[in-house]
*Asks:* 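The structure is given below, and queries will be raised subsequently.
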Amino acid sequence: STAYMVGAGGIRKVTGLDKANFKYEDFRPSPNLFYPCASVTGVNFSTVTGISVGNLGNVYVRQTPTGNNHEVVVTQYGFGGTSKVFYSKDGNSFEAKQGDLPIMPVYCAIIDEDDPNHVIIGTEFGIYETDNISVPGAQVKWVPANKNIGSVPVFRMRQERLKKYGCWMVYIGTHGRGFFQTKLHDKEECKTVTRGRPKMSSGIEPYINLGSQFSIYPN
């Protein structure tokens, strides 16, 4: 029922999508012209607080178990300003979480689905992570996580559950270094997927590198 939109003008929260009523209406500026125009009722737009206006790059939403609130991370491009990472526990009021992270473009972020205090971001100089995003913004400690990747721009990150298993994977798209995958936690479900998996017709074993921190695919 809820979505977030980000851009150069900031971030807007959209609610009521599950009950929205979409329809087309006729709009005739003159007798000989016809334009179908979409109208919608039941949808509300609101502006969140705590985020500085600028080129916002990405929003990641983690729905809480109750579904009432949403943990949200928003990132910002550019080298200026005072903060590039913003976090909210309710999806309405955000706090800057720059901590000891250098001021640099942050292109993307994810919240660990198994550990909501664990946040991973993709920056101009590789990946950083913190396991304490809920502490006050100035106290957040960011640690580089660039083994096998290097300090290259990371533009895209996706967190997906690996097939039917409860093993969360992260897929990372870089500029100039291809894309990488890693498992977030060394859980039993992640170990299971390495057993008895048949090779693909190409002869490539897609899960053979799960035991290492990252594996790389060519551009």
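In this chain, numbering begins with 1 at the start of the sequence shown.
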*Asks:* Would you please name every residue forming a side-chain contact (heavy atoms from CB on, under 4.5 Å) with N92, sequence neighbours left out?
*Replies:*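 side-chain contact (heavy atoms from CB on, under 4.5 Å) check on N92 returns K13, D90.
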
*Asks:* Can a donor-acceptor pair be found, under 3.5 Å and without considering hydrogens, that links the side chain of S83 to the backbone of A96?
*Replies:*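 Not at all, since once roles are kept as given, no pair shorter than 3.5 Å links the two residues.
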
*Asks:* With distance as the sole criterion, is a donor-acceptor pair present between the side chains of Y171 and Q159 under 3.5 Å?
*Replies:*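 There is no such pair between these side chains.
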
*Asks:* Testing the basics here: between A109 and T75, what is the closest heavy-atom pair and its distance to 0.1 Å?
*Replies:*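 Closest heavy-atom pair between A109 and T75: CB-CG2, 3.6 Å.
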
*Asks:* Please round to the nearest 0.5 Å and tell me the distance separating atom OG1 of T82 and atom CD of Q98.
*Replies:*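 It comes to 7.5 Å.
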
*Asks:* Tell me, please, which residues at least two apart from D112 pass side-chain hydrogen bond (donor to acceptor under 3.5 Å, both in side chains).
*Replies:*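 For D112 the side-chain hydrogen bond (donor to acceptor under 3.5 Å, both in side chains) partners, ignoring immediate neighbours, are H118, H185.
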
*Asks:* So which pairs with a foot in residues 93-103 pass salt bridge (Lys or Arg N to Asp or Glu O under 4.0 Å), sequence neighbours left out?
*Replies:*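 Only E95-K97 qualify under salt bridge (Lys or Arg N to Asp or Glu O under 4.0 Å).
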
*Asks:* Can you check whether Y87 reaches K89 side chain to side chain, under 4.5 Å on heavy atoms?
*Replies:*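 They are in side-chain contact.
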
*Asks:* Between N117 and S134, do the side chains contain a donor N or O and an acceptor N or O under 3.5 Å apart?
*Replies:*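 Judged by distance alone, the side chains do pair up.
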
*Asks:* Going through the distances and angles, do T123 and Y128 end up as a side-chain contact (heavy atoms from CB on, under 4.5 Å)?
*Replies:* CA-CA 7 Å; T123 78; Y128 284 75; 3.9 Å; yes

*Asks:* Show every salt bridge (Lys or Arg N to Asp or Glu O under 4.0 Å) that has at least one partner inside residues 69-78, sequence neighbours left out.
*Replies:*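 The answer is R62-E71.
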
*Asks:* Measuring from R156:CZ to H175:NE2, what's the distance to the nearest 0.5 Å?
*Replies:*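 It comes to 13.0 Å.
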
*Asks:* Could you identify which residues cluster with V48, counting Ile, Leu, Val, Met, Phe, Trp and Tyr as linked when any side-chain heavy atoms lie under 4.5 Å apart, either directly or through a chain of such contacts?
*Replies:*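 Direct or chained contacts put V48 with Y4, V6, I11, I51, L56, V59, V61, V72, V74, F86, F94.
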
*Asks:* Do V73 and V85 have side chains that approach each other closer than 4.5 Å (heavy atoms only, starting at C-beta)?
*Replies:*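 They are in side-chain contact.
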
*Asks:* Hey, does K84 have a side-chain heavy atom less than 4.5 Å from the side chain of Q76?
*Replies:*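 Side-chain contact under 4.5 Å: yes.
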
*Asks:* Does I120 reach the side chain of M157, with side-chain heavy atoms less than 4.5 Å apart?
*Replies:*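 SC-SC contact between I120 and M157 confirmed.
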
*Asks:* Check S93 against T49 and note the closest heavy-atom contact, atom names and distance.
*Replies:*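 Looks like CA-OG1, 3.6 Å.
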
*Asks:* Let me confirm one number: the CE-CD distance from M104 to E124, rounded to the nearest 0.5 Å.
*Replies:*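 So the CE of M104 and the CD of E124 are separated by 9.0 Å.
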
*Asks:* Do V14 and V43 pass the side-chain contact (heavy atoms from CB on, under 4.5 Å) test, and can you show the C-alpha distance, the side-chain angles, and the key distance before you say yes or no?
*Replies:* CA-CA 7 Å; V14 189; V43 175; 3.4 Å; yes

*Asks:* Please answer: with hydrophobic residues joined when any side-chain heavy atoms are less than 4.5 Å apart, are L17 and M5 in the same cluster?
*Replies:*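 Yes; M5 is reachable from L17 via cluster members.
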
*Asks:* Which pair of non-hydrogen atoms, one from G178 and one from T174, has the smallest distance, and what is that distance?
*Replies:*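 Where G178 meets T174 most closely, the heavy atoms are O-OG1, 2.7 Å.
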
*Asks:* Does one hydrophobic cluster hold both V154 and I103, with members joined at side-chain heavy-atom distances below 4.5 Å?
*Replies:*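 No, separate clusters.
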
*Asks:* Under the side-chain contact (heavy atoms from CB on, under 4.5 Å) rule, what do W168 and I110 come out as? Steps first, then yes or no, please.
*Replies:* CA-CA 12 Å; W168 287 100; I110 62 171; over 6 Å; no

*Asks:* What's the separation between atom CG in N44 and atom OG in S1, rounded to the nearest 0.5 Å?
*Replies:*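 The OG atom of S1 is 11.0 Å from CG of N44, to the nearest 0.5 Å.
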
*Asks:* Measure from the side-chain N and O atoms of N146 to the backbone N and O of S151, and report whether any donor-acceptor pair falls under 3.5 Å.
*Replies:*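 Side chain of N146 to backbone of S151: no pair is present.
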
*Asks:* Kindly determine whether N132 and W142 satisfy side-chain contact (heavy atoms from CB on, under 4.5 Å), including the steps that lead there.
*Replies:* CA-CA 9 Å; N132 60 349; W142 294 99; over 6 Å; no

*Asks:* Check ring pair (Phe, Tyr, Trp, His ring centres under 6.0 Å) between Y107 and all other residues, then give those that pass, not counting sequence neighbours.
*Replies:*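 Applying ring pair (Phe, Tyr, Trp, His ring centres under 6.0 Å) to Y107 gives Y77, F155.
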
*Asks:* Which atom pair, heavy atoms only, marks the closest approach of R177 to N148?
*Replies:*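 Heavy-atom minimum between the residues: NH2-O, 2.7 Å.
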
*Asks:* Under 3.5 Å, side chain of R158 to main-chain N/O of M169, donor-acceptor pair present?
*Replies:*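 No; judged by distance alone, with no hydrogens or angles, the pair does not exist.
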
*Asks:* Go through R12 and T47 one step at a time and tell me if the side chain to side chain donor-acceptor pair (under 3.5 Å) criterion holds.
*Replies:* CA-CA 5 Å; R12 299 293 296 275; T47 301; 3.3 Å; yes

*Asks:* Measuring only between side-chain heavy atoms, which start at C-beta, is V106 closer than 4.5 Å to L101?
*Replies:*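 A side-chain contact under 4.5 Å exists here.
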
*Asks:* Quick check against the 3.5 Å criterion: does T130 have a side-chain atom that pairs as donor or acceptor with the backbone of K141?
*Replies:*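 Side chain of T130 to backbone of K141: a pair is present.
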
*Asks:* Rounded to the nearest 0.5 Å, what separates atom CD1 in I127 from atom CD1 in I172?
*Replies:*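 It is 3.0 Å, given to the nearest 0.5 Å.
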
